[in-house]
Amino acid sequence: MKTSEVSTAKTKCLALFSGGLDSMLAIKLMSLQGIEVHALNIDIGFGGDPDKIETMSRRAKKAGASFESVNVRSRYLQDVLFNPKFGYGKQFNPCIDCHGFMFRTAISMLKDYGASFVISGEVVGQRPMSQRNDAMVHVKNLALDTEDIVLRPLCAKLLKPTKPEREGLVDREKLLALNGRGRNPQLSLAKEFGFEDYETPGGGCLYTMESFANRIKDFIKFDKDMSENDLQSLRYGRHLRLLEGAKMIIGRNENDNAHLEALNLDKMYSINFDDVVGAHSFISKDASKSDLEFGARLAITYCKSDPSQIYTAKIGDLTIDVKPFEDKKVAGDFFIK
């Protein structure tokens, strides 16, 4: 190759990006080495809100990366959530399989972006299930990382050198050796880099939260065929299982109402009342007559209604005349908690 033909293209990597401080720091450590970074938010079901995408894009840019959200919800449901090779954590969180899936997704995109390796903001020992040394080996295998191209800049010096380090694409001496759950080193770096806008740690994944896990377990007990919209619906509103098995959702606020309406829940009917303001409610299409009537009474109880009046509920092709309950506490025994 002639000297004039030598490529001046930058080294490029893809970053798994959550919007949190650790992933911002990992990106910054690469950009400081002159490496081009494209941040990927692997959306398994909870990252697609426009406001959240805008926030993550802004944070990625601040750290020195371009940004993209990649919707893999359907594949995640089919390949990971209900059949994890390494099981679940305390709740419904298939952490090892989930991390492997995300890395595998990013690795499969390297060629499309002309990138050489993948990074993440993981720290050894920070997460009890997925960031132990042995768990990282399992993640590597699940990710099909046969070329050793997954790099964790924040704890790289505690791990064996990866291919991009060995080949000189990344200067290992400029990487870190963080470990454990302490946050002081990351907070110090955030101050040094001028990062003020980042997601605080400890919020956790929805799958690790008991209430959300219980909603998933309840759903699949009655319906094994969970769709992407079904899973999304579990994020919003109050969820109830009525006496004869019908599923019911009652919105908590305008945000819940809007998201539930937008999901187009094809397994549920909307419970509608003319000229009534309040929570939007939904009930299973296969609900019994008894559950439909009870559900309609609950629905009007959570609206601005008068317990002394009769209201007409429209549920699919049915109309049911009901009176509100005197007290919302009647719903308490049916909440999925």
Report task. Assess whether side chain to side chain donor-acceptor pair (under 3.5 Å) is satisfied between Q78 and R75, documenting all intermediate values. Result -> CA-CA 5 Å; Q78 296 166 8; R75 277 203 295 131; over 6 Å; no
Requested in this report: Start with the C-alpha distance between L40 and M109, add both sets of side-chain angles, then the distance that settles side chain to side chain contact (heavy atoms under 4.5 Å, CB included), and finish with yes or no.
Outcome: CA-CA 10 Å; L40 301 174; M109 299 172 68; 4.0 Å; yes
Requested in this report: Compare all side-chain heavy atoms of P94 with those of L81 and state whether any distance is below 4.5 angstrom.
Outcome: yes
Query raised in the report: side chain to side chain contact (heavy atoms under 4.5 Å, CB included) between L176 and L29: does it pass, once the steps are laid out?
Result: CA-CA 9 Å; L176 305 181; L29 290 175; 3.9 Å; yes
Requested in this report: Take N272 and S270 through the side chain to side chain donor-acceptor pair (under 3.5 Å) test and state the conclusion after the steps.
Outcome: CA-CA 6 Å; N272 300 305; S270 177; 3.0 Å; yes
Query raised in the report: Atom OH of Y207 and atom CD1 of I216: how far apart are they, to the nearest 0.5 Å?
Result: 5.5 Å
Query raised in the report: Can R58 and F67 be said to form a side chain to side chain contact (heavy atoms under 4.5 Å, CB included), step by step?
Result: CA-CA 9 Å; R58 182 178 67 248; F67 172 80; over 6 Å; no
Query raised in the report: Looking at K160 and D148, does any basic side-chain N land under 4.0 Å from a carboxylate oxygen?
Result: no
Report task. Using a strict cut-off of less than 4.0 Å between a Lys/Arg side-chain nitrogen and an Asp/Glu carboxylate oxygen, indicate whether K85 and D97 qualify as a salt bridge. Result -> no
Query raised in the report: Checking ring-ring contact (aromatic ring centres under 6.0 Å, His included) for the pair Y269/F282: CA distance, chi angles, key distance, verdict?
Result: CA-CA 5 Å; Y269 286 128; F282 303 81; over 10 Å; no
Report summary line: OH (Y198) and CE (M24) are apart, to the nearest 0.5 Å, by 9.0 Å
Query raised in the report: Are the side chain of N93 and the backbone of Q91 linked by a donor-acceptor contact shorter than 3.5 Å?
Result: yes
Query - Transitive ILVMFWY side-chain link L243 to I283, under 4.5 Å - result: yes
**Report entry** Side-chain heavy-atom pair I42, Y76 within 4.5 angstrom cut-off
**Finding:** no
Report task. Please check if L142 and V70 belong to a single hydrophobic cluster, counting links between Ile, Leu, Val, Met, Phe, Trp and Tyr side chain heavy atoms closer than 4.5 Å. Result -> yes
Query raised in the report: Do any N or O atoms from the side chain of S57 and from the backbone of I53 form a donor-acceptor pair under 3.5 angstrom?
Result: no
Query raised in the report: Got a sec: does the NZ of K314 have more than 12 other heavy atoms crowding it under 6.0 Å?
Result: no
Query raised in the report: Which one of D171, L169, T11 satisfies the side chain to side chain contact (heavy atoms under 4.5 Å, CB included) criterion with Q33?
Result: D171
**Report entry** Pairwise distance SG(C303) to CD1(I271) - rounded to 0.5 angstrom
**Finding:** 9.5 Å
Query raised in the report: When rounded to the nearest 0.5 angstrom, what distance separates NZ in K247 from CG in L265?
Result: 9.0 Å
Query - CA sep, side-chain torsions, deciding dist, call: D230, S233, side chain to side chain donor-acceptor pair (under 3.5 Å) - result: CA-CA 5 Å; D230 293 332; S233 74; 5.3 Å; no
Requested in this report: Using the rule that two of Ile, Leu, Val, Met, Phe, Trp, Tyr join whenever any of their side-chain heavy atoms come within less than 4.5 Å, decide whether F222 and F219 are in one cluster.
Outcome: no
Query - S18 side chain vs G20 backbone, donor-acceptor pair below 3.5 Å - result: yes
Query raised in the report: Would you call D223-K267 a salt bridge at under 4.0 Å N-O?
Result: yes
**Report entry** R241 side chain vs F335 backbone, donor-acceptor pair below 3.5 Å
**Finding:** no
Query raised in the report: Quick one: are R252 and R238 in side-chain contact, heavy atoms under 4.5 Å?
Result: yes
Query raised in the report: Taking side chain as C-beta onward, heavy atoms only, is L14 less than 4.5 Å from I119?
Result: no
Query raised in the report: Are any side-chain N or O atoms of Y311 and backbone N or O atoms of D306, one a donor and one an acceptor, separated by less than 3.5 Å?
Result: yes
Query raised in the report: Would you say the side-chain atoms of K224 pair up with the backbone N or O of I220, donor to acceptor, closer than 3.5 Å?
Result: yes
Query - I27 to A63 - nearest heavy-atom pair and separation - result: CG2-O, 3.5 Å
Report task. Flag yes if V322 and L242 sit in one hydrophobic cluster, no otherwise; membership is Ile, Leu, Val, Met, Phe, Trp, Tyr, and two members link when side-chain heavy atoms are under 4.5 Å apart. Result -> yes
**Report entry** Heavy-atom closest contact (P84 atom, Y88 atom, distance)
**Finding:** CD-OH, 3.4 Å
Query raised in the report: Which atom pair, heavy atoms only, marks the closest approach of Y236 to R215?
Result: O-NH1, 4.1 Å
Query raised in the report: With respect to M268, which candidate in I249, L260, L263 satisfies the side chain to side chain contact (heavy atoms under 4.5 Å, CB included) definition?
Result: I249
Report summary line: All heavy atoms of H38 vs all of S66, minimum pair found to be ND1-OG, 2.6 Å
Requested in this report: Using a strict cut-off of less than 4.0 Å between a Lys/Arg side-chain nitrogen and an Asp/Glu carboxylate oxygen, indicate whether K10 and E36 qualify as a salt bridge.
Outcome: no
Requested in this report: For R73 and I44, indicate whether the former's side chain and the latter's backbone hold a donor-acceptor pair under 3.5 Å.
Outcome: no
Requested in this report: Please examine the side chains of V139 and E122, heavy atoms only from C-beta on, and report whether any two atoms are closer than 4.5 Å.
Outcome: no
**Report entry** D22 with R152: basic N within carboxylate O range, under 4.0 Å
**Finding:** no
Query raised in the report: Under 3.5 Å, side chain of D291 to main-chain N/O of A246, donor-acceptor pair present?
Result: yes
Report task. Inspect the surroundings of NZ in K217 and state if more than 12 heavy atoms from other residues, nucleotides or ligands are less than 6.0 Å away. Result -> yes
Query - Atom of G121, atom of L154 and distance for their closest heavy-atom approach - result: O-CD1, 3.5 Å
**Report entry** Heavy-atom donor-acceptor pair, S284 side chain to A287 backbone, under 3.5 Å
**Finding:** no
Query raised in the report: Between atom OG of S281 and atom CZ of F273, what is the distance when rounded to the nearest 0.5 Å?
Result: 7.5 Å
Query raised in the report: When you measure from the side chain of E165 to the backbone N and O of T162, does any donor-acceptor pair fall under 3.5 Å?
Result: yes
Query - 4.5 Å side-chain heavy-atom contact, F325 and P307 - result: no
Query raised in the report: So which heavy atom on L298 is nearest to which on A331, and how close?
Result: CD2-CB, 3.7 Å
**Report entry** V150 and I107, any side-chain heavy atoms less than 4.5 Å apart
**Finding:** yes
Report task. Just do the side chain to side chain donor-acceptor pair (under 3.5 Å) check on T312 and D321 with the steps written out, would you? Result -> CA-CA 4 Å; T312 299; D321 292 333; 2.7 Å; yes
Query raised in the report: For the atom pair NE2 (H239) and CZ (F212), what is the distance rounded to the nearest 0.5 Å?
Result: 8.5 Å
Requested in this report: Would you please indicate yes or no on a ring centroid separation below 6.0 angstrom for F334 and F294?
Outcome: yes
Query - Step-by-step side chain to side chain contact (heavy atoms under 4.5 Å, CB included) determination, I250 to K328 - result: CA-CA 12 Å; I250 304 173; K328 293 177 182 177; over 6 Å; no
Query raised in the report: Would you say L110 and F117 make side-chain contact, with heavy atoms under 4.5 Å?
Result: no
Query raised in the report: Can V137 be reached from L159 by stepping across I, L, V, M, F, W or Y side chains whose heavy atoms are under 4.5 Å apart?
Result: no
Query raised in the report: Heavy-atom count around Q309 CD within 6.0 Å, excluding the residue itself: above 12?
Result: yes
